[in-house]
Colleague: 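This is the structure I want to talk about, given as structure tokens.
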Amino acid sequence: MDLLTGIRAFVGVVDSGSFAGAARALGVSRPALSKYVAQLERRLDAQLLQRSTRRVNVTPVGRAFYQQALAALEHTDAALALVAQHQQRLEGRLRVNAPMSFGRLHLADAVAGFMREHPQVQLELVLNDRFVDLIEEGFDVSVRVAEPEHATSLMLEELAVSARVLCASPAYLAAAAPLVQPADLQRHRCLFYGYESSGHVWRLQGPGGSVSVPVRCALWSNNGEVLRCAARADQGVALLPTFIVGGDLQEGSLVRVLPDFQLSPLTVHALYARHRSVSPRVRAFVDFLARWFSGTPRWALVQ
């Protein structure tokens, strides 16, 4: 066993919390993984992990070693990927997952641009709005649009930011009750995104601080474009990201309501596995997306 293999095995166990999870993530058998960690401990003459029948705990010296090993692996993987990128032509399969609306409206053009630059790569793009486990489901990259998240077992690179706004059609607002304060939302038809973690409550940040408003759900959907269509058809007030409604707001088919009250923005991230030598395809794709979405996104609101 080389030292690097043992370090990868140990870091994988710490990140996964178990030998079984690390073995799946690294693509090796559980007995082989256990052997690598044991050999590493013998080589270091130190116990890094405390094992029991139900769980694995990291020893104090193991925790200190983990922090340094993590940084060393990242530098090593970056160096290996750089050499591979120079020596290899980009080819082979690349599996990518992304949310439905963002994939259709914005990622599709980026994917086409990447394919023009790298025609030998066979790219599979799967769009859905559910949470995807990259390792378990075999994806190389996941593009996620959510509030900022942290995951020690994944590399996370920010690509863009999208504001969220309350909006409705001019015709709906002309016919509905006045909408001046957040509490007025309780008298309106509200169009609700199905994966909101806050339930049927909209949390706004205004001049006087934070306010939470229970709303009446006239339409529930797990797809933002459905809510956009309903809002454009005068069916209520929607809370949507500007990457979906930015164009509507710019042309006036939808208008912002309660503009003095802000909502937490969404961040577009690219995520990929941390503790494997990052393939040139993954590195090239993530770098391409970072360039594609750099600067002011086209969905940004005109001030």
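Just so it is clear, the model here is predicted, and its values are computed rather than measured.
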Colleague: Distance-only, no hydrogens or angles: does the Gln262 side chain make a donor-acceptor pair with backbone N or O of Pro259 under 3.5 Å?
Modeller: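 Yes; at least one donor-acceptor contact below 3.5 Å.
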Colleague: To the closest 0.5 Å, what do you measure between CZ (Arg164) and CG (Leu204)?
Modeller: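 Answer for the CZ-CG pair, Arg164 versus Leu204, is 9.5 Å.
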Colleague: More than 12 non-hydrogen atoms from neighbouring residues, nucleotides or ligands closer than 6.0 Å to CD on Glu251, yes or no?
Modeller: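 Atom CD in Glu251 is crowded, with more than 12 foreign heavy atoms closer than 6.0 Å.
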Colleague: Of all the heavy-atom pairs spanning Arg232 and Asp248, show the shortest one and how long it is.
Modeller: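 Here Arg232 and Asp248 meet closest at NH1-OD1, 2.5 Å.
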Colleague: So, for Pro99 and Val143, which heavy atoms are closest and what is the spacing to 0.1 Å?
Modeller: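 Closest approach of Pro99 to Val143, heavy atoms only: CD-O, 2.9 Å.
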Colleague: Quick one: does Arg189's side chain have a donor or acceptor within less than 3.5 Å of a partner on Ala176's backbone?
Modeller: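 Checked: no pair found.
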Colleague: Can you name the closest pair of heavy atoms from Val11 and Ala69 and give their distance?
Modeller: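 Closest heavy-atom pair between Val11 and Ala69: CG2-CB, 3.9 Å.
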Colleague: Is the charged tip of Arg63 near the ring of Tyr66: under 6.0 Å from the six-membered ring centre and within 45° of its axis?
Modeller: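 Judged by the rule (NZ or CZ under 6.0 Å from the ring centre, within 45° of its axis), Arg63 counts as positioned above Tyr66.
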Colleague: Can the ring centres of Tyr172 and His188 be said to be less than 6.0 Å apart?
Modeller: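 Yes, close enough.
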Colleague: When rounded to the nearest 0.5 angstrom, what distance separates CZ in Arg30 from CZ in Arg24?
Modeller: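 Taking CZ in Arg30 and CZ in Arg24, the distance rounds to 9.5 Å.
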Colleague: For Ile7 and Leu73: C-alpha separation, side-chain torsions, deciding distance, then whether side-chain contact (heavy atoms from CB on, under 4.5 Å) applies.
Modeller: CA-CA 8 Å; Ile7 293 174; Leu73 283 180; 4.0 Å; yes
Colleague: Do you see a donor-acceptor pair shorter than 3.5 Å between the side chains of Ser101 and Glu225?
Modeller: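 Result is yes, a qualifying pair exists.
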Colleague: Verify whether the ring centers belonging to Phe285 and Tyr272 lie closer than 6.0 Å.
Modeller: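 Centroid separation for Phe285 and Tyr272: 6.0 Å or greater.
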Colleague: Using the side-chain contact (heavy atoms from CB on, under 4.5 Å) rule, pick out the option among Val211, Val215, Asp260 that qualifies with Pro182.
Modeller: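 The passing option is Val211.
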Colleague: Got a second to check how far Asn222's CG is from Tyr193's OH, nearest 0.5 Å?
Modeller: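 Spacing of CG (Asn222) from OH (Tyr193) equals 6.5 Å.
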Colleague: Passes side-chain contact (heavy atoms from CB on, under 4.5 Å), Glu74 versus Met155? Steps please.
Modeller: CA-CA 10 Å; Glu74 290 181 2; Met155 289 295 290; 4.2 Å; yes
Colleague: Going from CG on Leu94 to CG on Leu125, what distance comes out if it is rounded to the nearest 0.5 angstrom?
Modeller: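 Interatomic distance, Leu94 CG to Leu125 CG, rounded to 0.5 Å: 9.5 Å.
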